[in-house]
Every structure is written in structure tokens, then in C-alpha cells.
Amino acid sequence: QVQLVESGGGLVQAGGSLRLACAASGRTFSSYTMAWFRQPPAKDREFVAALYCDSGSPNYGDSVTGRFTISRYEDKNTLYLPMISLSPEDTALYYCAATSNSYSAWVLKKYASWGPGTQVAVTS
């Protein structure tokens, strides 16, 4: 399995921006579909964005489309999530995840590798 560690979370005002990063180690980074999920307070974990390992195509959750951009840098074994126009509804613990599957990237159960998460808090 691949080991994942997130960073870049913090406290920001509404309308602000942050860039999350996920450093991967272990098995070949490029062979995994990589994704971001988030868990708001007292809510279930939800899909944010993913990059398929084969096509490189991105996939976004409806609530973040147009504001978040997922990207990966193979030479750094790092996944990024720049986020703009943040709102209090984006407050959550953000997780990086990896799967060897190359379809249905929004399905949480497909992911076997998870990072510990990084907290994002957006104030109004």
C-alpha cells in the first residue's frame, strides 16, 4: 500500500483560499487513482475530487466544481488541491486517499489507503 500524509489546512476567512498537499510514499504513486474526501463536523465523509491513474481525467463533487482543482506531480509524489472562494460550508477534515481502481472514483469504499487528514476551517 501507499502511505499518505496531508498538509496545508488552516483557518481562513470566507472568500479566501488554501492549497492542500498530500505526500505519498511506498508503492509507485503513478499507479494509483488519487482523491480528496472531506468530513464536515457531525456529517459523513464525502467525495471532493479525484484523478484517475489511467486517463488522468479529473472528477469533482458538485459542491466544489469551479472552485477546487486537483492535480498531481509525479516527480514529487504529491497530490494537490488548490481551493478558492472558500465558504463556511467547506469547513471539514480533508483526507487524501488512494486506490488501484480506475473507475467510480467517488465511491469511498474503493479506497484502501488514507492519510490522517488536515483540518480546514472557514469563518464567515
Side-chain angles (χ1 to χ4, degrees):
Q1 288 188 343
V2 62
Q3 288 76 47
L4 306 171
V5 179
E6 304 92 340
S7 62
L11 179 65
V12 64
Q13 288 187 332
S17 61
L18 286 172
R19 187 180 75 160
L20 305 185
C22 172
S25 61
R27 297 185 63 183
T28 307
F29 180 64
S30 61
S31 64
Y32 289 91
T33 290
M34 301 296 298
W36 290 96
F37 287 79
R38 67 185 182 185
Q39 188 161 13
K43 293 185 179 179
D44 293 333
R45 199 169 299 189
E46 63 185 26
F47 173 72
V48 174
L51 271 179
Y52 288 100
C53 58
D54 50 359
S55 66
S57 299
N59 191 335
Y60 295 97
D62 291 341
S63 63
V64 307
T65 298
R67 300 187 299 122
F68 294 8
T69 305
I70 189 170
S71 62
R72 61 195 295 169
Y73 288 83
E74 304 294 347
D75 58 341
K76 295 183 179 181
N77 278 7
T78 303
L79 182 74
Y80 293 100
L81 188 71
M83 308 181 294
I84 64 170
S85 302
L86 288 164
S87 72
E89 288 70 35
D90 295 313
T91 294
L93 187 59
Y94 283 71
Y95 296 93
C96 176
T99 177
S100 56
N101 292 317
S102 59
Y103 56 93
S104 302
W106 57 89
V107 178
L108 185 148
K109 291 183 178 180
K110 290 190 176 293
Y111 292 84
S113 298
W114 292 86
T118 185
Q119 182 68 48
V120 172
V122 185
T123 61
S124 58

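No hydrogens, no waters, no symmetry mates; every other heavy atom, side chains included, goes into these values.
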Can you list, pair by pair, the side-chain donor-acceptor contacts under 3.5 Å of residues 80-88, counting residues two or more places apart and other chains?
unit_1: Ser87; atom_1: OG; unit_2: Glu89; atom_2: N; d: 3.4
unit_1: Ser87; atom_1: OG; unit_2: Glu89; atom_2: OE1; d: 3.0
unit_1: Ser87; atom_1: OG; unit_2: Asp90; atom_2: OD2; d: 3.4

Heavy-atom closest pair, residues [X] and [Y]:
X     : Y      : result
Leu18 : Val120 : CD1-CG1, 3.9 Å
Tyr73 : Ser71  : CE1-OG, 3.9 Å
Gly61 : Phe47  : N-CE2, 3.6 Å

Given side chains that start at C-beta, do those of [X] and [Y] come closer than 4.5 Å, heavy atoms only?
X     : Y      : value
Cys96 : Trp36  : yes
Gln3  : Ser113 : no
Tyr60 : Thr69  : yes
Cys53 : Ser102 : yes
Val2  : Met34  : no
Ile70 : Leu79  : yes

Can you tell me how far [atom2] of [Y] sits from [atom1] of [X], rounded to the nearest 0.5 angstrom?
X      : Y     : atom1 : atom2 : result
Lys110 : Thr99 : NZ    : OG1   : 7.0 Å
Gln119 : Glu6  : CD    : CD    : 11.5 Å
Thr91  : Leu11 : OG1   : CG    : 8.5 Å
Arg72  : Cys22 : CZ    : SG    : 10.0 Å
Phe68  : Leu20 : CZ    : CG    : 8.0 Å

- [ ] Mind checking ring pair (Phe, Tyr, Trp, His ring centres under 6.0 Å) for Tyr95 and listing every partner two or more places apart, or none if nothing turns up?
- [x]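 In terms of ring pair (Phe, Tyr, Trp, His ring centres under 6.0 Å), with neighbours along the sequence ignored, Tyr95 is linked to no residue.
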Open item on the list: Holding to ring pair (Phe, Tyr, Trp, His ring centres under 6.0 Å), I want the full list of residues that pass it with Tyr52, two or more places apart in sequence or in another chain.
Closed with: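 Tyr52 satisfies ring pair (Phe, Tyr, Trp, His ring centres under 6.0 Å) with no residue once adjacent residues are dropped.
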Task: Single-linkage hydrophobic cluster, 4.5 Å side-chain cutoff, Leu4 and Trp114 together - done: no
Task: Mutual orientation of the aromatic rings belonging to Phe37 and Tyr111 [parallel < 30°, tilted 30-60°, perpendicular > 60°] - done: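 Aromatic pair Phe37/Tyr111 classed perpendicular.
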- [ ] Would you confirm whether Thr78, through its side chain, and Glu74, through its main-chain N or O, come within 3.5 Å as a donor-acceptor pair?
- [x] no
Open item on the list: For Gln13, is the CD atom crowded, meaning more than 12 foreign heavy atoms sit under 6.0 Å from it?
Closed with: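 No, because the 6.0 Å sphere around CD of Gln13 holds 12 heavy atoms or fewer from other groups.
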Open item on the list: Around atom CG of Asp75, are there more than 12 heavy atoms from other residues, nucleotides or ligands closer than 6.0 Å?
Closed with: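 Correct, the count exceeds 12.
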Open item on the list: Quick one, Ser7 with Thr118, criterion side-chain contact (heavy atoms from CB on, under 4.5 Å). Give me CA distance, side-chain angles, the key distance, then yes/no.
Closed with: CA-CA 6 Å; Ser7 62; Thr118 185; 5.6 Å; no
